[in-house]
Colleague: 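Following this message is one structure expressed as structure tokens.
Start at 1 with the first residue, then count along the sequence. Numbering of ligands and ligand atoms starts at 1, following listing order.
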Amino acid sequence: MNYQRFESNFIHLDAVDSTNNYAANLIKTTNVANGTTILTKRQDFGKGQRGNTWYSEPEKNLILSTIIYPDIQISYAYYLNIAVALAVSRTLADFGIMNAIKWPNDIFVQDTKIAGILVENQLQGKLIKSSVAGVGLNVNQLFFPAGIRGTSMSLILGREIELNKLFMHYFGMLDFYVDILMQSNFKLLLKLYYKQLYRMDVWCNYEDVKGSFQGKIKGIDERGRLVIEREEGLSYYDLKELKFLPTI
Ligand code: BTN
């Protein structure tokens, strides 16, 4: 298979601390091709967003990190998150699972998370020299530990999914959206993102430092902040500054 931007260089591991860490080390020590992807059966110290950990039952799920040389300015970094989120979202849709992207890049089925994304960038001046796009997608996991609310493809579809087939589909999709990014077609990426954005243009409940309020997501601004319409005007939020409250 020929890809637009990626080479098919796949590294399969039995166990690792974190595929993101493994990929970051690889970048430091060797010349790895664009698209090189590390996949593992078991991850012992999976990293999540905001310093959280990512738990994934061994051998059941997709746990992977793709090395990308996006060739863009740091100020456009959030578009890389968008490209990865779109690739996961589209893969799920192609496997028959309706889903939405919860800002900035969690993948939700109805109100439950099915996949998490952690993109870590290595910078050179104002440029992103390389990126590690980590994805944890719940595939065949049927039980979640107490305190972890999650769902999986298998729970939704009622059957097992072949991990390698799913991965190959995702990889093709990631190449597709990264190609759009590398053509600097930010407008198209944003349009596709908005179509998938959870709670877009719907009045819902939120909470910020000042308390709870009703608001309507209008999109993101040029810094990647979430824009919410409120009775008194527009508000802009960075990560950690906003909590999504239940709708009822
Ligand atoms: C989140 O929702 O908090 C992001 C979770 C990202 C988890 C993936 S699993 C593969 C890759 N390696 C890591 O250590 N983390 C990411």
Colleague: Could you tell me whether K41 and D14 make a salt bridge, using a distance below 4.0 angstrom between a side-chain N and a carboxylate O?
Modeller: yes
Colleague: Verify whether the ring centers belonging to Y79 and Y193 lie closer than 6.0 Å.
Modeller: no
Colleague: With heavy atoms of D106 as the reference, note each atom of ligand 1 found under 4.0 Å away.
Modeller: 2 (O)
Colleague: Verify the distance criterion only: is there a donor paired with an acceptor across the side chains of Q110 and N99 at less than 3.5 Å?
Modeller: no
Colleague: Under 4.0 Å from a heavy atom of K47: give me the atoms of ligand 1 that qualify, with their elements.
Modeller: 5 (C), 6 (C), 7 (C), 13 (C), 14 (O), 15 (N), 16 (C)
Colleague: Identify whether the distance between the nearest side-chain nitrogen and carboxylate oxygen of R5 and D179 falls below 4.0 Å.
Modeller: yes
Colleague: Which ligand 1 atoms are under 4.0 Å away from a heavy-atom of L64?
Modeller: 10 (C), 11 (C)
Colleague: Closer than 4.0 Å to some heavy atom of G46 - which atoms of ligand 1 meet that?
Modeller: 14 (O)
Colleague: I need the atoms of ligand 1 closer than 4.0 Å to a non-hydrogen atom of I63, numbered in the order shown.
Modeller: 9 (S), 10 (C)
Colleague: Between F176 and Y3, is the ring centroid distance below 6.0 Å?
Modeller: no
Colleague: So which heavy atom in the protein is nearest atom 1 (C) of ligand 1, and how far is it from that ligand atom?
Modeller: Q49 N, 3.5 Å
Colleague: Report yes if W54 has an N/O atom closer than 3.5 Å to an N/O atom of ligand 1; otherwise report no.
Modeller: no
Colleague: Considering residues, nucleotides and ligands other than E231, do more than 12 of their heavy atoms fall under 6.0 Å from its CD?
Modeller: no
Colleague: If you count the atoms of ligand 1 from 1 in the order shown, which ones are under 4.0 Å from a heavy atom of K113?
Modeller: 1 (C), 2 (O)
Colleague: V88 and side chain to side chain contact (heavy atoms under 4.5 Å, CB included): which single residue from I107, I101, D106 fits?
Modeller: I107
Colleague: Which ligand 1 atoms does G48 reach within 4.0 Å, using its non-hydrogen atoms?
Modeller: 1 (C), 3 (O), 4 (C), 5 (C)
Colleague: Heavy atoms only, cut-off 4.0 Å: how does S65 contact ligand 1, side chain, backbone, both, or neither?
Modeller: side chain
Colleague: Parallel, tilted or perpendicular, judged at 30° and 60°: which one describes the rings of F10 and H12?
Modeller: perpendicular
Colleague: Please could you name the atoms of ligand 1 that T19 approaches to less than 4.0 Å, counting only its heavy atoms?
Modeller: 10 (C), 11 (C), 12 (N)
Colleague: Out of the candidates N61, T91, L92, only one should pair with M153 under the side chain to side chain contact (heavy atoms under 4.5 Å, CB included) rule; please name it.
Modeller: L92
Colleague: Below a 4.0 angstrom heavy-atom separation, can you tell me which part of N52, side chain or backbone, both or neither, approaches ligand 1?
Modeller: neither
Colleague: Considering only protein heavy atoms, which is closest to atom 9 (S) of ligand 1, and at what distance to one decimal place?
Modeller: Q43 NE2, 3.4 Å
